[in-house]
Amino acid sequence: MDDKLMLMIPGPTPVPEQVLLALAKHPFGHRSGEFGKLMAEVTENLKWLHQTQNDVLCLTASGTGAMEAGIINFLSPGDRVLVGCNGKFGDRWAELPEAFGLNVDKVTAEWGQPLDPEQIRAKLEADTDKQIKAVIITHSETSTGVLNDLETINRHVKAHGEALIIVDAVTSLGAVNLPIDEWGLDVVASGSQKAYMIPPGLGFVSVGPKAWEAYKTAKLPRFYLDLGKYRKDAAKNTTPFTPPVNLMVALHTALRMMKAEGLESIYGRHQRLMNATREAMKGLSLPLFAPDGFGSPAITAVAPTGVDSEKIRSVMKKRFDIVLAGGQDHLKGKIFRIGHLGFVSDRDILAAVASLEATLREVGYEGFTPGAGVAAAARVFAQS
Ligand SMILES: *Cc1c(COP(=O)(O)O)cnc(C)c1O
């Protein structure tokens, strides 16, 4: 059936009708008064969403572009950076600074496990001559569905004193509490196709005072992603280069929707969606990939035994028009991932779990009691 597609991948995420309608408008000039007015409200609402007084800058880029900007603007060739690697995105944030000639040191954890803050503390404490200039952490590791303990890691970075903390919050911002000012996070990057409920194309970087100090002496080359340019123009409610005007209009609408829902409700909803999904998987005797207490409110990874996860994904798509994400790299065929990020409701989870039960029957998996997944999810929804 046409137009019944349900995206349950961790980006692009579903887009609300109000936002689709906003996208359908004619573009207008980005040097116009109309754009300036829109940008002023967008900037104010982005600061609200980021819980910060820092600059929050909009780039025409995917999340990776936002991270690249968040790294290259504040560092110089040869600088030592410490990167937390426990999945595909953590690994990317080790490769990126390497490509720019930085000296990369890693703290790793097995895929599916959280980073150990103690290992990060030990590396930082051993760095008595303060050579580590930045610590790069992926808050919600989308490839494995693990939420890293950013609050604790950040405390160790603060105790170090010199290093900036640079955060990939691409699937955590707008899904889980991330109080930038309260925690003192220097650089936080995110992307439009995740919790923002708009299509791909915009990247966001929040930059604090300590990072702007580092910017003054940072020597890596920069041009299109020179955040100083974006900061200067944002003060005049404009952008240095042509922004995707239609996406900015969509963002304006989506941020108003988020404000109307409220931060507490947004975080509560994502928590509930995660709890219901995790309980449903337990009800179906499907092993969860991330341990309890470290599940990401954006995405749940499931590691079924005795059944190919790619087969599950293909039946879910063909029979029920529900798109799940697969495993990346060595996890391909071993896990499937249910995205519950952005414009997702309790009903979507019930539909997905019921369809998954029907799919399991179809692929011949018999290790579950029919209805047990839906019942477990419904129990969570009844309680919260
Ligand atoms: C989606 C995502 C990104 C950004 O990926 P792009 O394809 O560049 O938008 C970065 N980090 C995480 C954790 C993500 O989920």
Any [X] side-chain heavy atom under 4.5 Å of [Y] side chain:
{"X": "Asp226", "Y": "Asn73", "answer": "yes"}
{"X": "Met257", "Y": "Pro16", "answer": "yes"}
{"X": "Ile266", "Y": "His270", "answer": "yes"}
{"X": "Glu118", "Y": "His156", "answer": "yes"}
{"X": "Lys229", "Y": "Tyr224", "answer": "no"}
{"X": "Asn103", "Y": "Asp79", "answer": "no"}
{"X": "Leu225", "Y": "Glu68", "answer": "yes"}
{"X": "Leu57", "Y": "Leu46", "answer": "no"}

How close do [X] and [Y] get, heavy atom to heavy atom, and via which atoms?
{"X": "Leu284", "Y": "Gly373", "value": "CD2-N, 3.6 Å"}
{"X": "Leu331", "Y": "Ser143", "value": "CD1-O, 4.4 Å"}
{"X": "Thr171", "Y": "Pro10", "value": "CG2-O, 4.4 Å"}
{"X": "Ser172", "Y": "Ser140", "value": "CB-CB, 4.0 Å"}

Is the number of heavy atoms from other residues, nucleotides or ligands within 6.0 Å of [atom1] ([X]) greater than 12?
{"X": "Lys318", "atom1": "NZ", "answer": "no"}
{"X": "Arg347", "atom1": "CZ", "answer": "no"}
{"X": "Lys158", "atom1": "NZ", "answer": "yes"}
{"X": "Lys259", "atom1": "NZ", "answer": "yes"}

Nearest 0.5 angstrom please: [X] [atom1] to [Y] [atom2], how far?
{"X": "Ile9", "Y": "Arg313", "atom1": "CD1", "atom2": "CZ", "answer": "9.0 Å"}
{"X": "Asp233", "Y": "Thr239", "atom1": "CG", "atom2": "OG1", "answer": "7.0 Å"}
{"X": "Thr253", "Y": "Leu20", "atom1": "OG1", "atom2": "CG", "answer": "10.5 Å"}
{"X": "Leu147", "Y": "Ile299", "atom1": "CG", "atom2": "CD1", "answer": "12.5 Å"}
{"X": "Glu151", "Y": "Leu178", "atom1": "CD", "atom2": "CG", "answer": "10.5 Å"}
{"X": "Phe89", "Y": "Asp168", "atom1": "CZ", "atom2": "CG", "answer": "7.5 Å"}

Would you say [Y] ends up clustered with [X] if hydrophobic residues are merged whenever their side chains have heavy atoms under 4.5 Å apart, either directly or through other cluster members?
{"X": "Leu5", "Y": "Val315", "value": "no"}
{"X": "Val135", "Y": "Leu96", "value": "no"}
{"X": "Met6", "Y": "Leu324", "value": "yes"}
{"X": "Ile198", "Y": "Leu49", "value": "yes"}
{"X": "Val107", "Y": "Val81", "value": "no"}

Taking only Lys NZ, Arg NE, NH1 and NH2, and the carboxylate oxygens of Asp or Glu, determine whether [X] and [Y] approach each other closer than 4.0 Å.
{"X": "Glu44", "Y": "Lys47", "value": "no"}
{"X": "Lys88", "Y": "Glu141", "value": "no"}
{"X": "Arg269", "Y": "Glu261", "value": "yes"}
{"X": "Glu125", "Y": "Arg121", "value": "yes"}
{"X": "Glu279", "Y": "Arg379", "value": "no"}

Item to check | Asp321 and Lys4: CA distance, side-chain angles, deciding distance, salt bridge (charged side-chain N to carboxylate O under 4.0 Å, His left out) verdict | outcome: CA-CA 6 Å; Asp321 279 319; Lys4 268 297 215 190; over 6 Å; no

Checklist entry - Within 45° of the ring axis of Phe74 and under 6.0 Å from its six-membered ring centre, is that where the NZ or CZ of Lys210 lies? => result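 No cation-pi geometry.
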
Item to check | Aromatic Tyr215 / basic Arg222 pairing, under 6.0 angstrom, 45° off normal | outcome: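 Yes - Arg222 lies over the ring of Tyr215, closer than 6.0 Å to its centre and within 45° of its axis.
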
Next on the checklist: What verdict does the side-chain hydrogen bond (donor to acceptor under 3.5 Å, both in side chains) test give for Asp348 and His340, after you've listed the backbone C-alpha separation in whole Å, the side-chain angles of each residue and the deciding distance to 0.1 Å?
Outcome noted: CA-CA 9 Å; Asp348 296 327; His340 33 74; over 6 Å; no

Residues [X] and [Y]: side-chain donor-acceptor under 3.5 angstrom:
{"X": "Gln51", "Y": "Asn177", "value": "yes"}
{"X": "Asn54", "Y": "Trp212", "value": "no"}
{"X": "Arg319", "Y": "Thr359", "value": "no"}
{"X": "Thr277", "Y": "Thr300", "value": "no"}

Item to check | Residue pair Glu95, Arg92: steps toward the salt bridge (charged side-chain N to carboxylate O under 4.0 Å, His left out) verdict | outcome: CA-CA 5 Å; Glu95 278 172 37; Arg92 185 179 292 176; over 6 Å; no

Next on the checklist: Apply side chain to side chain contact (heavy atoms under 4.5 Å, CB included) to residues His50 and Ser190 and explain how you reach the verdict.
Outcome noted: CA-CA 10 Å; His50 284 71; Ser190 57; 4.0 Å; yes

Next on the checklist: The test is side chain to side chain contact (heavy atoms under 4.5 Å, CB included); show your working for Met248 and Phe28 and say whether it passes.
Outcome noted: CA-CA 11 Å; Met248 293 296 286; Phe28 46 86; over 6 Å; no

What is the ring orientation for [X] with [Y], classed by angle as parallel under 30°, tilted 30 to 60°, or perpendicular over 60°?
{"X": "Phe204", "Y": "Tyr196", "result": "parallel"}
{"X": "His330", "Y": "Trp111", "result": "tilted"}
{"X": "His139", "Y": "Trp183", "result": "perpendicular"}

Item to check | CA sep, side-chain torsions, deciding dist, call: Glu41, Arg256, salt bridge (charged side-chain N to carboxylate O under 4.0 Å, His left out) | outcome: CA-CA 9 Å; Glu41 188 181 327; Arg256 281 188 173 182; 2.7 Å; yes

Next on the checklist: As a quick check of understanding, evaluate side chain to side chain contact (heavy atoms under 4.5 Å, CB included) for Leu356 and Leu286, giving each step before the final call.
Outcome noted: CA-CA 11 Å; Leu356 178 61; Leu286 291 174; 4.1 Å; yes

Next on the checklist: Evaluate Asp127 against Lys123 for side chain to side chain contact (heavy atoms under 4.5 Å, CB included), listing each step before the verdict.
Outcome noted: CA-CA 6 Å; Asp127 180 39; Lys123 291 253 189 196; over 6 Å; no

Next on the checklist: Against Asn86, only a single residue in Thr138, Asn148, Thr144, Thr108 fulfils side-chain hydrogen bond (donor to acceptor under 3.5 Å, both in side chains); can you say which?
Outcome noted: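 Output: one option passes, namely Asn148.
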
Item to check | Residues Lys282, Asp292; criterion salt bridge (charged side-chain N to carboxylate O under 4.0 Å, His left out); working and verdict | outcome: CA-CA 11 Å; Lys282 289 180 193 169; Asp292 279 341; 3.1 Å; yes

Next on the checklist: Using the rule given for side-chain hydrogen bond (donor to acceptor under 3.5 Å, both in side chains), can you reason through Thr52 versus Asp181, listing the C-alpha separation, both sets of side-chain angles and the distance that settles it, and then say yes or no?
Outcome noted: CA-CA 5 Å; Thr52 190; Asp181 285 358; 2.5 Å; yes

